[in-house]
Amino acid sequence: MDSESGHGGGPTDPVVVGIDSGGSGLRVALARAADGTVLDRAAAPGPVRTGPGGISAAHFLESVLPAVAALRALAGEGRPVLAAAVGAAGMATLGEELRAVLPGAFAEAWGVRGTVLAADAVTAYAGALGARPGAVVAGGTGLIALGTDLTGWRRADGWGHLLGDCGSGAWIGRAGLEAAMRAYDGRRGGSPALLARAEKVHGPAAGLPAALYPRTDRPAVLAAFAPEVAACAADGEPVAVRILERAADHIAEAAEAACPPGPAAVVALTGGLFRLGDPLLVPLRAALAERLPGVRTVAPAGDPLHGALTLAGGLAAGAGGLPEDPALLRYL
């Protein structure tokens, strides 16, 4: 979607709201319902708290409602909100409270007629490919692949840094730090170059476990070391090169598992992980060509926030699109 210059359009033109909630915070956008033109966007405080009942709807609303109110004030309070869409990390497994509370809260706050609640991987898919068959690999701190033939969904990985997220930023960073510790011990498979970078970032190697294990944001801390691994690989350091080759193979495996059969399917890669550049992308292109021969890799059309706006716009227009799923995508 293209951003509108200024806040044009009629003061009563209907709008839709898109919300992207992830580990780094919340992003909110307002777009014209008629053509999807983005009127404005904002960041909201986050990330949203998670408790015994899952993602906290109250904390979510504390951040989102003021942000949307500010956007509506800039765009014109007279614009009715036809639909809202939320893409949230953890929606599939921790989103029960959001699904119970948000539709009513949005209706009360904005008079909204319909709400879409989706896993963040679905909004990543909608932003990257829209309503077309294929698979999207969303890679950042974690990693998930999601595919559809437009009748159902296929998921691969996204199980968190302890059980999966293979090839993700956290996976690469952890592998790099393990290679650093191997070098510190004098074990095979170690990398003095990665050890030097680890000590520059985290201090003396012997103190790394005490610095890392108590952290509640361990996946993010691990992922922050992934660019160091990529930098070593770019210099030709063999251990770092092998780590990124293994990461590329894991990512291609996930894409293969999620991609539906058929000549129309395409694959898109989205997320900050792929900003690591050629040290990851070169082996990844080769792995995708081997595992998914004949399937084109395309550039994502937009990001997850654009995906949320796409879903909201589709609901407002009553248009069919991506398939509903009890955990991944609900039209309410």
Side-chain angles (χ1 to χ4, degrees), residues 1-3 15-33 35-44 46 48 60 64 67-68 71 81-92 95 98 102 106 112 114-140 142-148 150 153-155 158 255 258 265-274 298-317 319-325 327-332:
M1 300 179 186
D2 297 321
S3 290
V15 296
V16 296
V17 173
I19 302 163
D20 174 43
S21 174
S24 58
L26 282 154
R27 297 184 303 149
V28 182
L30 207 65
R32 285 206 304 251
D35 59 9
T37 300
V38 177
L39 298 171
D40 211 342
R41 67 192 77 205
V48 179
F60 182 94
V64 166
V68 174
L71 292 179
V81 181
L82 297 187
V86 176
M91 180 72 80
L98 294 185
L102 293 192
F106 291 168
V112 69
T115 298
V116 186
L117 299 180
D120 58 338
V122 172
T123 48
Y125 190 103
L129 295 181
R132 63 192 292 194
V136 169
V137 180
L143 186 133
I144 185 171
L146 200 65
T148 182
L150 304 185
W153 292 99
R154 300 157 65 106
R155 169 184 172 158
V266 295
V267 171
L269 308 173
T270 184
L273 175 67
F274 303 107
V298 300
D303 65 10
L305 184 58
H306 284 83
L309 289 172
T310 298
L311 292 172
L315 180 62
L322 296 172
E324 192 165 10
D325 179 273
L328 296 174
L329 178 61
R330 298 279 294 276
Y331 299 97
L332 301 168

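Once rounded to the nearest 0.5 Å, the distance linking CG of Leu39 with CG of Leu71 reads 9.0 Å. Taken to the nearest 0.5 Å, the CG atom of Leu311 stands 5.5 Å off from the OH atom of Tyr331. Distance check, rounded to the nearest 0.5 Å: NE2 of His306 to CZ of Arg27 gives 8.5 Å.
Looking only at side-chain heavy atoms (C-beta outward), Asp120 and Met91 stay at 4.5 Å or farther from each other.
Tyr125 places no side-chain N or O within donor-acceptor distance of the main-chain N or O of Ala145, the cut-off being under 3.5 Å. Between the side chain of Arg154 and the main chain of Ala258, a donor-acceptor pair closer than 3.5 Å is present. In this structure, the side chain of Trp153 does not engage the main chain of Leu328 through any donor-acceptor pair within 3.5 Å.
Leu329 approaches Ala118 most closely through the heavy-atom pair CD1-CB, 3.8 Å. The minimum heavy-atom distance linking Val112 with Ala84 is given by the pair CG2-N, 3.7 Å. Residue Glu324 comes nearest to Arg330 through the heavy atom pair OE2-CA, 3.6 Å, listed as atom of the first residue, atom of the second, then distance. Nearest approach of Ala255 to Ala135, heavy atoms of both residues: O-CB, 4.3 Å. Heavy atoms only, all atoms of each residue included: Leu273 and Gly140 are closest at CB-N, 3.8 Å. Between Leu315 and Thr115, the closest heavy-atom pair is CD2-N, 3.6 Å.
Between Phe106 and Phe60, the ring-plane angle classifies as tilted under the 30° and 60° cut-offs.
Here the options are Val86, Leu26, Val17, Leu102, the test is side chain to side chain contact (heavy atoms under 4.5 Å, CB included), and the partner is Val64; only Leu26 passes.
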